[in-house]
Structure formats: structure tokens, C-alpha cells
Amino acid sequence: MLQNRVLAELNSIFERIKLLDMKKLVQGITMMLFFCSFNLKAQKQLDTVPKAQVFKSVQTSKINGQNLKFNTLAGTMELRDEKNKPIALHGFTAYFKEGGTQNRPIIFSFNGGPGSSSYWLHMGIMGPKRIVVNDPHYTPAAPYTLEDNINSILDVADVVMMDPIGTGLSELIGKSKGKDFWGVDQDIRATSLFIMQFLKQYDRLQSPKYLLGESYGTFRNAGVMDYLLNRGYALNGVIMVSAVFDLRTLTFPPNDDLPYVVHFPTYAATAHYHNQLNSEMHAKDLETFIDEVREFTEDEYSTALFKGTRISIEEKKKIAQKLVDYAGCSIDFWMDANLKVKAGEFFNELLKHTGKTVGRLDSRYVGINENLTNQYAITDPQSDAISPAYTVGFLDYLYGNLGVSKDLNYKTTAGVDPEFKWDWSHKGNKGWGTQIAINTSIDMASAMSKDPNLKVLIMNGYYDLATVFYGVEHTVDHMNLAPEIQDNITMTYYESGHMMYIHPPSMVKFKIDLKSFIEATLN
């Protein structure tokens, strides 16, 4: 102990100063006081450095008709860099089935943001309990209902919910700065380091391994699967929930037609859901309708946009009328926009005549349009409708059921840090001395090519206007995968939005699809 060493040193000094004259005695005492002060300061610094903490509990849930118990760990794990130097405390919650073996599958799961903790997936579909929301309507204020998650995958696999650095209970330690973790490549590295070190720490190196990410978590997944493989960690499967791999599909760059093209089928699905189409269109079942919209989008709409201002007024009006037929709104709206409407403009416009706006994360949700003169929607009704229930319900579960110390602050987002800023640069995305893309599909394609056994499941919501399904389809179609591994990607669809698991029928389908994927990818 440091204090014992200090006392021993003091005794040694006292013995030596007995032999000194008065002048040297004063010098000795001065040195002694300095030494003592220095060591006390060092001890104080050591005492204030955050330490990894894990809170243990046993959670129960009835899943698939079985009453199951899970040994649960909630807290932080010390994360070390490649030179074994501590760099952060990484937050997590792990559920291990009681009586399970090392051969049991393990899923590392996280949300996106970037900068979001994992509590959405945790309390929506992955954990033993779930928050009940009034889908697709506004959930009243507390008390909120917490119930057994009968559709959890925990009867099939153990689950580790990961909270990236800056979120959850995670903390920076040592000389680390937020910028060391807040960026595409920095985040891929940190996530991969945690997974490799967790597998070693908890003796799960031989377990079948899976990643499950949502939203930006899929963008992260594509990089992590390649990073891990390059270090000898092959995965059995990767699950992408509400995916995006090429940010062009979401960001509407200047003079780029792609995002307008890939958003249109989701605009159409939304208009179909809200009965904003003529009776002939509305009578078609959703999948048949979407297939027709895909065909129009690929064969006519994209061609028209490619012409730019060269398009004739007659063709422009013809296309505008078809846009109205498939996605509602007025012909003047589409003409004034030159046939190109951004997401925020669409979900503000579709129901404006009723004083309403539709959701971004889930366009089934409807809210009050606060300003009918606005071009863009002010708020997202889906987020407004469920966020309080998820936030308060999870925190109550964390500090109550999981027994996490109330002295610790759980951060739902890294955005609370005033220094939070994301670095979007990524290896392989640069050219001509600058950033030319924000795209991790190249990483996914590389991993799948190097490991032809690797399978990917992509889960899409028809009413997701945050990460549109046709954008994912376009990216996958342009990954240039070899013919023999193209079928290693499976696409599933849900009549819900970004968080498809809040929709009860989609929640059931989510579990069925996920379980089938895991069972099909076990060696």
C-alpha cells in the first residue's frame, strides 16, 4: 500500500536526520514535507480515478412458455488499447442464461445515433423485460408498464447490450479524450476492442458470435465485422436493424438524385397507410403496391430526375401526376419541388391539410403540425410519443431491477457532452485528398468476401423514414459481391417503422426471423 511505503520512507528520513547538523536538519524536514505532500497528492489523484464496477442480479422472464433465469451483469468493464493501457470504462449489461454453456450463442447489441446508448433495443426487444407503449399513438405519462418480453431472443442466445463511450455508464479514463472514440473509425475500433476483451474476460471465445445493431449501429456493424475478422475473430452472423451503409441515401447531397429516388417507395408506403391515395391504389395490398412503386421508381422516376432541367414540361407533368398517384400530396407541390422532395418536406406536407404531420422514425405516427407555413416538420411524433416511457421506464429498471448504484449517472446520449462532435472520415472513403464518401458497405463486402460463410440479416421497416428500405436495397445491389455469396444476405420487411419491434405483430415476426437466422448459422 502507498501509505505504508510513505511511513517507511519517513522513518528512514528521521533516522538519517539524527546524524545531521541543524542546517541539514531543516533541509531534511523540508524535503520530508515535500515528499509527503507529493505522495498525498498522488494518492488523491488515484482515489478520484473512476474504477470499473459491475452490479450482479438474477433476472427472470417467461419466454416461449419457459420460466427462465438470467445471471445479469450491469456496469462497466475497463477497456484497454493495443498496448494494454487503460483508456475507458465501457458500459454494458450482460444476460447469461442460468445453466448455459460456453457453446451458447452470444449477441453483442447496440443502438446507433451516433452517440446513442442501447436502451431502446434493450427495453424494446432484446432484454428480458420490455416497456409497453401505446403503438401507434401517444403513450400517457407515468406510471409506465414493464412486462416480461415474451419475444426476447434470450431463450436462444445470451445478450450483451453495449453502451458506447460517452453513453450509458461509460467513462473516459487516463489521457483519453472524447475525440479518441467519437468518429467512424474510432468507434469501430473501440467497439471491437470491447468485444474481443469481453469474450476473453468471460470465457466466451468459443461461443457462436453475433452482432446486432440498429440504425447507425448497422453502419458500425459493417466496419466491426471486418475489423474483427482481420484480427482472427470470425462471426457466425450479423443482424442489421433499420440499416444504412451509404449516407448519401439519407443526407440529400447537392445535385445527387439518389436520396430522392430511394426515399420515394417509403413516401408511397406512408401515403398508402394514411389513405391519401385514390381508391384503386389504396385497394392494393402493401407488398403488391410497393413492388409496383419500385418498378416505377427504377424505370421512370430515376430516369426523369437524371435529365435534370432538360426534361420537357410535358414529361415533368406526367411524372408529377404519377408521384401524386403513388405518394399523395398535390401536383403543384411536386412540380414546385422539381420532382425532388426531401424527407422533412414530405412528412410535413402529406397531412398538412388536416393540420397534422407524420413521424420520421415511424411514419404511421401522427402529430400536431405546429406551424402550417413551415416547409419542414418541426418535430417527430413517433419520438415524442414513446421517448418518455422508454427513458423513465429504463432508468427505473436499471436502478431498481438491475441494482445499479444511484450514485452513477446513466447517459442516454453522448450529446449531453458539450464537446461531442462526430468525425465522419473513414478509411477507404477518401480520394483527391478529401472525403468523397461516407460508406461502410465496402467493409461489409470485404468481410463477406474473405469469409464466405458469414451471413447477414437485414431487417427493414416499410414506414421508416429515417433509414429507408429502398436505400438499403440499392446499397446491397451495388456492393459487387461475388455471385456465390450474394444469397448470404437475407432481407426481411415489417409493417412498422425504424423501431419495428414496438408494433406487436412486427415484434412477433422479429423474434421468428431472428431465431431462424441464428439457428441457420450455427456451425
Side-chain angles (χ1 to χ4, degrees), residues 52-79 89-111 117-130 146-164 168-170 191-213 217 224 228 233 235-239 394 397-405 408 410 511 514-515 517-519 521-523:
Q53 298 182 72
V54 172
F55 301 88
K56 298 180 180 181
S57 64
V58 175
Q59 301 302 316
T60 61
S61 187
K62 189 171 185 178
I63 306 172
N64 196 27
Q66 307 173 70
N67 292 311
L68 303 177
K69 291 184 178 181
F70 304 97
N71 295 316
T72 305
L73 308 175
T76 55
M77 185 182 80
E78 185 178 77
L79 189 67
L89 303 181
H90 201 302
F92 73 95
T93 303
Y95 296 98
F96 301 137
K97 182 183 175 185
E98 201 170 76
T101 68
Q102 293 180 359
N103 292 332
R104 184 169 154 83
I106 187 168
I107 304 174
F108 292 91
S109 181
F110 32 73
N111 278 91
S117 75
S118 65
Y119 76 116
W120 302 101
L121 278 168
H122 196 158
M123 303 309 292
I125 193 65
M126 297 301 291
K129 306 292 181 183
R130 65 177 290 267
L146 185 72
E147 67 178 20
D148 282 356
N149 180 12
I150 61 174
N151 293 297
S152 172
I153 197 64
L154 280 167
D155 60 328
V156 175
D158 291 336
V159 170
V160 183
M161 302 304 306
M162 294 174 55
D163 291 320
L169 301 174
S170 298
T191 301
S192 301
L193 287 175
F194 173 86
I195 291 171
M196 292 187 290
Q197 291 170 28
F198 186 96
L199 290 169
K200 178 180 68 174
Q201 177 73 23
Y202 292 99
D203 299 321
R204 300 302 295 268
L205 288 165
Q206 286 279 33
S207 298
K209 305 168 191 66
Y210 296 84
L211 304 177
L212 187 150
V224 170
L228 289 175
Y233 289 73
L235 298 167
N236 293 67
V238 180
I239 302 98
F394 171 73
Y397 173 75
L398 181 76
Y399 296 116
N401 299 51
L402 299 185
V404 170
S405 171
L408 300 177
Y410 185 93
K511 167 63 180 290
L514 180 55
K515 181 180 179 182
F517 177 74
I518 291 174
E519 290 176 344
T521 51
L522 291 175
N523 293 331

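Heavy-atom basis, side chains included; hydrogens, waters and symmetry copies ignored.
Looking at residues two or more places apart in sequence or on another chain, you find a side-chain contact (heavy atoms from CB on, under 4.5 Å) between T521 and Y210, K455, F517. For the side-chain contact (heavy atoms from CB on, under 4.5 Å) test, residues two or more places apart in sequence or in another chain that qualify with S117 are Y119, D163, T167, Y410, T412. Scored by the side-chain contact (heavy atoms from CB on, under 4.5 Å) test, L205 finds L199, Y233 as partners (sequence neighbours excluded). In terms of the side chain to side chain donor-acceptor pair (under 3.5 Å) criterion, T60 has no residue partners (sequence neighbours excluded). Applying the side-chain contact (heavy atoms from CB on, under 4.5 Å) criterion to E147, with sequence neighbours excluded, gives R130, V132.
Under the 3.5 Å distance criterion, with hydrogens and angles disregarded, no donor-acceptor pair is assigned to the side chains of Q59 and S61.
Aromatic pair F108/F198: ring centres closer than 6.0 Å.
The closest donor-acceptor contact from the side chain of T72 to the backbone of V58 lies at 3.5 Å or more, if one exists at all. No donor-acceptor pair under 3.5 Å is formed between the side chain of Q53 and the backbone N or O of T76. Side-chain N or O atoms of S109 include none that pairs as donor or acceptor with a backbone N or O of M161 at under 3.5 Å.
We find the CD1-CG distance between I125 and N151 to be 5.5 Å, quoted to the nearest 0.5 Å. How far CG of N149 is from CE of M126: 9.5 Å, rounded to the nearest 0.5 Å. Distance check: L228 CG to S192 OG gives 4.0 Å after rounding to the nearest 0.5 Å.
The list of salt bridge (charged side-chain N to carboxylate O under 4.0 Å, His left out) pairs with a residue in residues 148-162, not counting sequence neighbours, reads R104-D158, K129-D148, D155-K511, D158-R204.
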